[in-house]
Amino acid sequence: MAHDDHKPGFFKRWFMSTNHKDIGTLYIILSIIAAIIGGAMSWYIRLELMEPGIQYIDDFQFYNVLVTAHGFLMVFFVVMPAMIGGFGNWFVPLMIGAPDMAFPRLNNISFWLLAAALILLVIAGLTGGGPGTGWTVYPPLSSAEYHPGPAVDLGILSLHLAGASSILGAANFITTILNMRAPGMTIHRMPLFVWAILVTAFLLLLALPVLAGALTMLLTDRNFGTSFFIVEGGGDPLLWQHLFWFFGHPEVYIIILPAFGIISQIVSTFSKKPIFGYLGMAYAMCAIGVVGFVVWAHHMYMTGLDVDTRAYFTAATLVIAVPTGVKIFSWLATMWGGSIDFKTPMLYAFGFIWLFVVGGVTGVTLANAGMDTVFHDTYFVVAHFHYVMAIAAIFAMFGGFYYWIGKMCGRQYNEGLAKIQFWIFFIGVNVLFFPQHFSGMAGMPRRIPDYPDAYAGWNYVSSIGAFITMAGTFLFLWIAYRTVTSGEKIGANPWGEGATTLEWTVDSPAPFHTHEVLPDMTGKAPAE
Amino acid sequence: MGDMLKRLSVFVLTLMAGAMVLGGEVMAQQYRSEPWQMGFQEPRSPSAERIFAFHDMLLVIEAAIVIFVLGIMTYIIVKFNSKANPTPSKTSHNTLLEVVWTIVPIIILVVIAVPSLKLLYFTDRTYDPELTIKVTGNQWYWTYEYPDNNDIEFDSVYVPDDELEEGQPRMLSVDSPLVLPVDTNIRILLASNDVIHNFAMPALGLKLDTTPGRANETWVSINDEGTYYGMCSELCGVNHGFMPVQIEAVSKEAFNEWLVSAEEEFGSNDSRSDEVVKFAAALGQ
């Protein structure tokens, strides 16, 4: 019995929150704000690249800052907050039958550290020339000699805060998931979204301290006379790349694993079937997490690594295709024999699988060190990682939003409008990114503000795609606004028999306090 | 001023060399990407030929996988929508199927990995170099050196749009291109004077970072005479987009003639060649 649903006043509720649902909402709002800024940057870049020659951005340092900030914002302030902070906070406790996160105050600190990090990043972009280093921040370009002024330092501090936020959040999720599951919900009965967040949290906990160490070394190189990465002082620029990618490669799985989790829930719900090969799905994610830590140097094939080293990283990278293949086939097998309702979240799940398969096979291409001489640093790489990681993650986020918004605000989105939004966005991103495979194979490098005239055609198409995507984004914002303010009120479970996880057993919107009496999951099937 | 003269004369010499070979008939053939190009540029080195052949094989496998998945998705959409199939099955396990979809990808990956690793070792380096050149990256131009040939050394700088001459493609042209002979195993040593750059030539399957404090090595053998165009392929600061690579590939005879005049113009008789020997020795050659 919920005896007390009293909510604190506005300031106390939103600025001093210890409630996982409110903190989740804050994360989602932060993610949307960052997405609008990061999206605007990408549209401005595509506007400049629509035609050869310089049209809008004649300050090339500013162009590099746009490229850099777009990457940082989308990775650290859009996808991670929405997936882990937003949906993770909201639905992990609901799905495992816990009343809240294990450390509610830590949860609050995690969020506000991230908000501070976002502000620092914006200040970094507006300081001096801004950080024009790319999101990879390779020294010597990021050293004090080639990037004097405080912009890069502010960027480093921003990432430090974002990293601390994620590490604290990860500790919180691991503790919650390992200790606060409802009676009878064994590890092997957790919903796959919870599995995904658990694996992601371990990746965060292991990868981000390495980034923090590398960033600190860069900071002392820049300000306190050390020379970890400075050749003249006996340092090595490649050391940075090893440390950065030891974090950076797991980071891409940090982004995509929660997406796997969301897609699994959606596919199961709308096929009205339990997940096919549940254990295989869970352990495929674990395998991806483990292998993700031993493939980092495939980002460094062109740095002059020894040929045997490159041979190892080629082989190790190809291995990742096996567990990701298991995921794809298991989703398809879950749909097989199902009775599928093509609601918007399911459309996004289909879209996700398409994007992930296309981006996956180009990933197999890029895994081959021997071929990297024609692919490294070209638009082919840009196309690859936007397909497999960036846009695929955005699809999972849209899918997750439509899937869970009813639970979060108690009102349902407009199905017709949402389907239109899906089709606009789906067409937009494919028109945007597919031609970039062609530009890349023809030899067009990344991160350039102008290009040889031969690349004009596909760049024009790509920019058209960007503007279609922009329309889809604004339509989404409108749908979200209309849903929250005047959507149709719904009950506990709007999706029917397929929605078997615990979040659908509580009211919509989920009350301020949930699972005050722990649900007994003894004897239930996995993920039910 | 002296520098500019130097560059100008390299350019003139290059043109002369080209003209000699072609009997002054036509401009040298240009190898670069074309409008609406959807694939690679024509391969014009043994490495590039093998890379492109391997990619052709890989593309067939990958296209088959994508079509296979799309086919299954289409079948699911038609057969298993809630109208066509109102009662969902409850099947959630099939051990044989799960084993198959784990093993088959492994087999496909082995099929890919074997030729991939052979390719990697082929493209790595030449053990029988007939010519060694050194490429140094600078913000934002390249320095080319010919240590075997009296230390010829010159800079190769981007030609801005308003200084382009007839026949020079925009964004890709330099004042003094790297001149290389065809059908020759050329060892390329790479270094940088400031930040990380990347020396890249798509049609030759050539690409490697120039990193301060490191000596990198790769190789090329060029099949066809002509002018090759590439661009710096590692973000190196404000003018990263504006440090193209241009290679002038000429016959061995024309190259030797070019060397004679270039040595006079840019050669030096000091002992710098010792440094380059040490540089190569540091690579374990």
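Letters go in sequence order (proteins before strands), and every chain restarts at 1.
Residue Ile353(A) holds its CD1 atom at 10.5 Å from CD1 of Ile72(B), rounded to the nearest 0.5 Å. In this structure, NE2 in His240(B) is found 8.0 Å from CG in Asn64(A), a value given to the nearest 0.5 Å. Here Tyr455(A) contributes atom OH and Arg32(B) contributes atom CZ; the two are 10.0 Å apart, rounded to the nearest 0.5 Å. The line from CD of Glu98(B) to CE of Met281(A) is 10.0 Å long, rounded to the nearest 0.5 Å. How far CD1 of Ile112(B) is from OG1 of Thr314(A): 12.0 Å, rounded to the nearest 0.5 Å. A distance of 8.0 Å separates CZ in Phe68(B) from CG in Leu332(A), rounded to the nearest 0.5 Å.
A heavy-atom distance below 4.5 Å is found between the side chains of Gln139(B) and Tyr146(A). At a threshold of 4.5 Å between non-hydrogen side-chain atoms, the residues Phe40(B) and Val374(A) count as touching. Within the 4.5 Å cutoff, no side-chain heavy atoms of Leu141(A) are placed close to those of Ile196(B). Between Asp453(A) and Met171(B), every side-chain heavy-atom pair lies at or beyond the 4.5 Å cut-off. Using a 4.5 Å heavy-atom threshold, the side chains of Ile77(B) and Met335(A) count as separate. Here the side chains of Tyr138(A) and Glu234(B) are in contact, with some heavy-atom distance below 4.5 Å. Side-chain contact between Phe62(A) and Val238(B) is absent, with no heavy atoms from C-beta onward closer than 4.5 Å. Side-chain contact between Ser82(B) and Ile340(A) is absent, with no heavy-atom pair separated by less than 4.5 Å.
Interface residue Thr102(B): backbone and side-chain heavy atoms are both found under 4.5 Å from chain A. Pro435(A) does not touch chain B: none of its heavy atoms, backbone or side chain, sits under 4.5 Å away. Contact annotation for Ala369(A): both backbone and side-chain heavy atoms come within less than 4.5 Å of a heavy atom of chain B. In this structure, chain B has heavy atoms under 4.5 Å from both the backbone and the side chain of Pro452(A). Neither the backbone nor the side chain of Ile108(B) comes within less than 4.5 Å of any heavy atom of chain A. At a 4.5 Å heavy-atom cutoff, Ile230(A) makes no contact with chain B through either its backbone or its side chain. The part of Ser271(A) that comes within reach of chain B is its backbone (N, CA, C, O), which places non-hydrogen atoms under 4.5 angstrom from that chain. For Asp308(A), the parts sitting under 4.5 Å from any heavy atom of chain B are the backbone and the side chain alike. Of the atoms belonging to Val67(A), not a single heavy atom falls under 4.5 Å from chain B. Heavy atoms closer than 4.5 Å to chain B are found in both the backbone and the side chain of Ser330(A). Gln436(A) does not touch chain B: none of its heavy atoms, backbone or side chain, sits under 4.5 Å away. For Val231(A), the part sitting under 4.5 Å from any heavy atom of chain B is the side chain, from C-beta outward, and nothing else. Looking at Ala333(A), only its side chain comes within 4.5 Å of chain B, counting heavy atoms on both sides.
Classified by interplanar angle (parallel below 30°, tilted 30° to 60°, perpendicular above 60°), the ring pair Phe375(A)/His55(B) is tilted.
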**OP:** Apply side-chain contact (heavy atoms from CB on, under 4.5 Å) to the pair Asn198(B) and Asp377(A), showing each step before the final yes or no.
**Re:** CA-CA 9 Å; Asn198(B) 184 299; Asp377(A) 213 57; over 6 Å; no
**OP:** Walk me through it: do Ser89(B) and Lys273(A) pass the test side-chain contact (heavy atoms from CB on, under 4.5 Å)?
**Re:** CA-CA 7 Å; Ser89(B) 87; Lys273(A) 275 183 68 192; 3.6 Å; yes
**OP:** I would like to know whether Asp194(B) and Glu145(A) meet side-chain contact (heavy atoms from CB on, under 4.5 Å); could you show each step before the answer?
**Re:** CA-CA 9 Å; Asp194(B) 38 51; Glu145(A) 188 177 354; over 6 Å; no
**OP:** Kindly determine whether Arg310(A) and Asp124(B) satisfy side-chain contact (heavy atoms from CB on, under 4.5 Å), including the steps that lead there.
**Re:** CA-CA 10 Å; Arg310(A) 280 180 283 154; Asp124(B) 181 45; 2.7 Å; yes
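Considering all non-hydrogen atoms of both residues, Ala442(A) and Gln41(B) come closest at O-NE2, 2.8 Å. Here the closest heavy-atom approach between residue Pro88(B) and residue Glu497(A) is recorded as CG-OE1, 4.4 Å. The two residues Gly53(A) and Arg170(B) have their closest heavy-atom pair at N-NH2, 3.3 Å. Listed here is the closest heavy atom pair of Leu318(A) and Ala113(B): CD1-CB, 3.8 Å. Contact detail for Gln37(B) and Trp458(A): the closest heavy-atom pair is O-NE1, 3.1 Å. Nearest heavy-atom pair across Asn216(B) and Gly304(A) is OD1-CA, 3.4 Å.
Although no hydrogens or angles enter the test, the distance criterion places no donor-acceptor pair under 3.5 Å between the side chain of Trp101(B) and the main chain of Phe329(A). Panel note: side chain Asn81(B), backbone Ser339(A); no donor-acceptor pair is recorded below 3.5 Å. Remark: the backbone N or O of His376(A) is paired with a side-chain donor or acceptor of Lys207(B) at under 3.5 angstrom.
Shown are Phe60(A), Tyr451(A), Tyr63(A); of these, the ring-ring contact (aromatic ring centres under 6.0 Å, His included) with Phe242(B) is made only by Phe60(A).
Using modelled atom types and a 3.5 Å distance limit, the side chains of Ser92(B) and Tyr278(A) yield no donor-acceptor pair. Side chain to side chain, Ser116(B) and Asn368(A) meet the donor-acceptor criterion of an N or O pair below 3.5 Å. Side chains of Thr303(A) and Asp209(B): a donor-acceptor N/O pair is absent below 3.5 angstrom, by distance only.
Heavy-atom neighbours of Lys90(B) NZ from other residues, nucleotides or ligands within 6.0 Å: above the threshold of 12.
Ring centers of Tyr75(B) and Trp336(A): under 6.0 Å apart, within the cut-off.
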